[in-house]
Peer 1: 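Pasting in a structure now, in structure tokens, and then I'll have a few things to ask.
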Amino acid sequence: MSTNSLITEHFRLTPPQKKALAKLGLHTIEDLLYHFPARYGTTAEVRSIASVMSGEEVAVYGQISGLSMRKGWVSKMPMAEATVSDETGKIKIVWFNQPYLAKMLHDGALVKVHGKIGQRRKKRDAGEEVTGELFMTNPEIEEVGALPATTGSDSLFGQAAASFGYPVYPETRGITSKWFYHSVQKIFKSGVLEKIGAANRLTGASKMDATAASDPIPATILEQYNLPSLQTAMIWIHAPQKEGDALAARKRFAFEEIFFIQLRKQKERLAYEKKPAFKVFKTGVEMESFTKRFPFAQTGAQKRTIEDILGDFRKGHAMSRLLEGDVGSGKTAVAAATVYAVTTSKPPGQDFGALQTAYMAPTEILATQHFESFMQMFAYLGISIGLITGSGCKKFPSKVNPKQATDISRAQLLKWVANGEIPILIGTHALIQKTVKFKNLAYIIIDEQHRFGTAQRQKLRRKDDIAPHLLSMTATPIPRTLALTIYGDLDLSLLDEMPAGRKQIITEVVSPAESERKKVYEKIRTELRAGRQAYVICPRINEPDPEKEAAVIAKSVTEEAERLRRKIFPDFKIDILHSKMTPGAKDKVMTKFKNGETHILVATSVVEVGVNVPNATSIIIEGAERFGLAQLHQLRGRVLRSSHQAYCYVFAETKSEKTADRLHALVTAKNGFELAEFDLSQRGAGELYGRRQWGISDVAMEGIRNIKMVEAARKEAALLLASDPNLARHPLVKTRVEAQKEEIHFE
């Protein structure tokens with residue numbers, strides 16, 4: 001069996017199973033091996049068959065016979081049946097909806113069976129019940145080499161009793177954890193473990209090569225951190241004999257993934273820093289002439305960050321920095337101050353012209369917002385600022401009215417950018433089109449960094465090998481370990497202070513009782529009558545959750561908006577916003593809300609990163625347990641945009657203790673970073689943001705909780721690159737690093 005061969009070549013799959021495997025992204029034998037258990041079930045007590053009783057959960061050893069497949073008389077449900085016998089007796093086994101088990105096993109095989117004992121009942125004519133034969137329904141089963149002779153500690157009974165537990169795999173509709181378990185065991189029996197070699201875990205390239213038998217992690221690192229080899233780890237993660245085996249295997253695979261992410265990121269950074277960059281020198285006095293015009297005093301965090309960036313500008317190689325800060329912490333002010341330093345600097349050897357900045361935002365409405373902010377900040381200098389989006393282009397200042405912007409043609413804007421007449425260009429993805437060319441691009445700012453991939457960022461870089469300085473900004477609170485991993489090529493700056501005078505948002509976790517809900521609506525009605533606006537956030541757009549079986553169905557945008565219009569706020573204008581709307585429709589809705597034409601905006605979390613609406617002072621969040629804490633924090637930040645008192649009302653559909661603890665943290669935490677760390681410890685990074693967003697496996701996300709592991713992986717990656725920058729002495733490592741895919745990002 002080849003690890004690169006398709007699953008369909010070795011397993012007979014039903015249409016639902018094929019669909020389920022495709023949904024999970026599992027296509028090859030190798031994919032199956034890297035589909036790790038999510039957890040491990042409890043190992044049951046090993047018993048002789050004669051000693052078991054109805055209702056017990058036990059494990060028995062025996063010989064299997066009578067394997068057959070059939071369909072239920074009434075339900076027509078496919079099932080497999082068999083009998084397991086030991087020297088003391090026999091027991092019936094039935095698997096519903098898993099007829100494939102009858103083909104994966106064979107009569108006469110020695111097996112271990114683990115499950116709950118049931119007992120059939122029969123009725124006599126007189127109505128008196130008598131008990132029938134014992135049976136197991138849908139038990140776990142595995143083949144063993146021999147049956148235990150005794151229950152002593154040196155027997156197979158003793159070994160089994162000491163084993164850690166059976167693996168429970170992530171599954172989806174159409175395929176079960178048991179199918180994964182038996183399939184992996186079949187793969188192991190084929191001898192594939194002997195072929196495990198060079199691994200490239202994160203890419204479509206082969207992770208296990210039959211022609212190579214080397215571990216992708218250098219032996220010195222495995223030894224230093226006491227990590228098992230790839231072959232051993234693969235056995236331990238799928239079939240651990242004790243808890244230590246499973247933990248060691250998961251630690252190894254987590255370290256491996258983080259280590260290779262670090263290698264790629266740090267290698268990219270070293271390559272970027274080799275290129276020259278424009279040097280920018282500005283004194284404190286020069287900077288103060290600009291920053292003193294801000295309508296608020298700078299925080300200490302802003303001052304430190306600006307000085308760090310100015311220090312990077314002086315080095316002669318390109319800056320790569322990530323700026324994290326809560327909504328309202330002043331990231332735009334930091335961006336403006338550093339843009340001022342660049343824009344008021346001349347190209348080398350010239351006493352005219354200006355260095356240029358490209359400022360990219362993920363949406364048109366955000367790009368327009370930044371354009372308008374810069375118009376106000378730079379108006380006194382007479383500096384030209386351009387805006388380019390899919391909807392059109394603008395230039396500030398207008399010749400007709402120096403205090404206003406004017407619409408201009410795309411061709412004219414691109415001409416002025418190319419000849420250097422427009423030193424600041426703000427835009428969306430339109431900025432990275434081939435037709436956009438700069439004369440002296442020295443600085444790139446990317447707002448909401450996680451919405452753009454590295455490939456998109458690189459399109460803004462110059463062709464003459466002069467690398468622009470890069471500042472990425474995000475309001476998404478990211479735990480430090482996650483940031484150190486996914487942004488290993490960037491220096492980190494934190495804005496962990498809020499501007500003076502900014503009122504703390506009042507957050508209330510509200511009981512779902514109708515009386516309490518009415519009180520919240522009355523408070524919001526008071527705000528609306530005072531001329532303010534409000535958001536209502538719902539988890540769904542309109543369709544039900546197909547994967548959920550809970551009786552409580554989350555509120556949807558369309559249904560809730562209609563309910564609020566008819567029953568709660570009939571005197572106010574209500575609009576909706578969600579991710580399935582076109583970009584143009586979203587912008588139209590947000591513009592109306594920003595202009596005060598709409599009083600209440602009912603939306604999904606699409607407003608998590610949105611327009612600045614200072615007049616919106618209240619937000620209701622429905623189904624709060626369905627959001628991560630960091631996301632809830634960002635959502636409530638929508639109303640933290642002015643000096644008015646802001647209110648956040650949080651409703652949860654469940655009353656679990658875990659939900660209560662999380663929502664209590666939302667009320668008491670000082671900032672988004674504290675919340676992100678709490679969420680990571682409580683829910684795990686995979687649930688925190690969704691692993692697809694970062695392109696990191698669940699096992700690596702578990703490892704990211706461990707700061708020592710992340711720092712060790714960073715350290716070892718740096719040491720390896722310092723001694724072997726081109727990885728010439730580590731060909732397996734080099735192959736894997738070069739083949740790694742860009743991390744996954746989405747809109």
Peer 1: Of all residues at least two apart in sequence or in a different chain, which pass the side chain to side chain donor-acceptor pair (under 3.5 Å) check with Glu516?
Peer 2: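 In terms of side chain to side chain donor-acceptor pair (under 3.5 Å), with neighbours along the sequence ignored, Glu516 is linked to Lys519.
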Peer 1: Relative to the ring of Tyr225, is the ring of Phe255 parallel (under 30°), tilted (30 to 60°) or perpendicular (over 60°)?
Peer 2: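 Rings of Phe255 and Tyr225: tilted, 30 to 60°.
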Peer 1: For Thr88, what residues pass the side chain to side chain donor-acceptor pair (under 3.5 Å) criterion, not counting sequence neighbours?
Peer 2: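 Here the qualifying residues are Asp86.
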Peer 1: Is there a donor-acceptor contact under 3.5 Å from the side chain of Glu622 to the main chain of Cys538?
Peer 2: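 Answer holds: no.
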Peer 1: So, the side chain of Ser51 versus the backbone of Ser48: is there a donor-acceptor pair under 3.5 Å, distance only?
Peer 2: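 Between the backbone of Ser48 and the side chain of Ser51 there is a qualifying donor-acceptor contact (under 3.5 Å).
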Peer 1: Please check: side-chain N/O of Tyr40 versus main-chain N/O of Ile237, any donor-acceptor pairing under 3.5 Å?
Peer 2: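 Between the backbone of Ile237 and the side chain of Tyr40 there is a qualifying donor-acceptor contact (under 3.5 Å).
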Peer 1: Does a side-chain heavy-atom distance below 4.5 Å link Leu33 with Val192?
Peer 2: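 In short, these two side chains touch, coming nearer than 4.5 Å.
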Peer 1: Over all heavy atoms of both residues, which pair between Gln17 and Gly174 is shortest? Give the atoms and the distance, please.
Peer 2: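 Closest approach of Gln17 to Gly174: CG-O, 3.3 Å.
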Peer 1: List for me each residue that meets side-chain contact (heavy atoms from CB on, under 4.5 Å) alongside Asp245, sequence neighbours excluded, and say none if there are none.
Peer 2: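 Once residues adjacent in sequence are excluded, the partners of Asp245 under the side-chain contact (heavy atoms from CB on, under 4.5 Å) criterion are Trp236, Pro240, Gln241, Lys242.
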Peer 1: Just so I know, are the side chains of Ile141 and Ile93 near enough to count as touching, which here means a heavy-atom distance under 4.5 Å?
Peer 2: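 With C-beta onward as the side chain, the pair stays apart.
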Peer 1: Side chains of Lys23 and Arg173: does their closest heavy-atom pair fall under 4.5 Å?
Peer 2: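 The answer is no; the side chains never approach within 4.5 Å.
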Peer 1: Would you find a donor on one side and an acceptor on the other, under 3.5 Å apart, between the side chain of Glu257 and the backbone of Ser697?
Peer 2: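 Side chain of Glu257 to backbone of Ser697: a pair is present.
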Peer 1: With sequence neighbours excluded, what pairs up with Glu81 under the side chain to side chain donor-acceptor pair (under 3.5 Å) test?
Peer 2: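 Expected list: Arg70.
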Peer 1: Less than 4.5 Å apart, side chain to side chain, heavy atoms only: is that true for Phe627 and Val650?
Peer 2: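 With C-beta onward as the side chain, the pair stays apart.
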Peer 1: Can Lys90 and Glu133 be counted as an ion pair, charged N to O under 4.0 angstrom?
Peer 2: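 Looking at Glu133 together with Lys90, the answer is no, because their closest N to O distance does not fall below 4.0 Å.
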Peer 1: Among residues at least two apart in sequence or on other chains, which ones pass side-chain contact (heavy atoms from CB on, under 4.5 Å) with Arg39?
Peer 2: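 By the side-chain contact (heavy atoms from CB on, under 4.5 Å) rule, Arg39 matches Val168.
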Peer 1: Any non-hydrogen side-chain atom of Val58 less than 4.5 Å from a side-chain atom of Met53?
Peer 2: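 When only atoms from C-beta onward are counted, Met53 and Val58 do not touch, as no gap falls below 4.5 Å.
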Peer 1: Checking Lys186 side chain against His10 main chain: does a donor-acceptor pair fall under 3.5 Å?
Peer 2: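 At least one qualifying donor-acceptor pair exists.
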Peer 1: So, Ser54 side chain and Leu134 main chain: donor-acceptor pair closer than 3.5 Å or not?
Peer 2: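 Not at all, since once roles are kept as given, no pair shorter than 3.5 Å links the two residues.
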Peer 1: Mark yes or no: Arg517 above the aromatic ring of Phe651, with NZ or CZ under 6.0 Å from the six-membered ring centre and no more than 45 degrees from the axis.
Peer 2: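 Checked: cation-pi criterion met.
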Peer 1: Considering non-hydrogen atoms only, spot the tightest contact between Pro218 and Phe259 and give its length.
Peer 2: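 What the structure gives for the nearest pair is CD-CE2, 4.3 Å.
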Peer 1: Once you round to the nearest 0.5 Å, how far does CD of Gln631 lie from CZ of Arg626?
Peer 2: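 Nearest 0.5 Å value for the CD-CZ distance: 12.5 Å.
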Peer 1: Under the 3.5 angstrom rule, does the side chain of Gln63 hit a backbone N or O of Gly108 as a donor-acceptor pair?
Peer 2: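 Pair found, side chain donor or acceptor close to backbone of Gly108.
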Peer 1: Please state whether the rings of Tyr169 and His35 are parallel, tilted or perpendicular, taking 30° and 60° as the class boundaries.
Peer 2: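 Answer is parallel, since the angle falls under 30°.
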Peer 1: Contact between Met136 and His114 at the side-chain level, heavy atoms closer than 4.5 Å - yes or no?
Peer 2: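 No, their side chains stay 4.5 Å or more apart.
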Peer 1: Sequence neighbours excluded, which residues qualify as side chain to side chain donor-acceptor pair (under 3.5 Å) partners of Thr481?
Peer 2: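 Listed in chain order: nothing, the list is empty.
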Peer 1: Any heavy-atom pair between the side chains of Leu26 and Tyr34 that's under 4.5 Å?
Peer 2: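 Side chain of Tyr34 against side chain of Leu26, heavy atoms only: no contact under 4.5 Å found.
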Peer 1: Indicate yes or no: at least one non-hydrogen side-chain atom of Ile187 is less than 4.5 angstrom from one of His238.
Peer 2: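 No - every pair of side-chain heavy atoms lies 4.5 Å or more apart.
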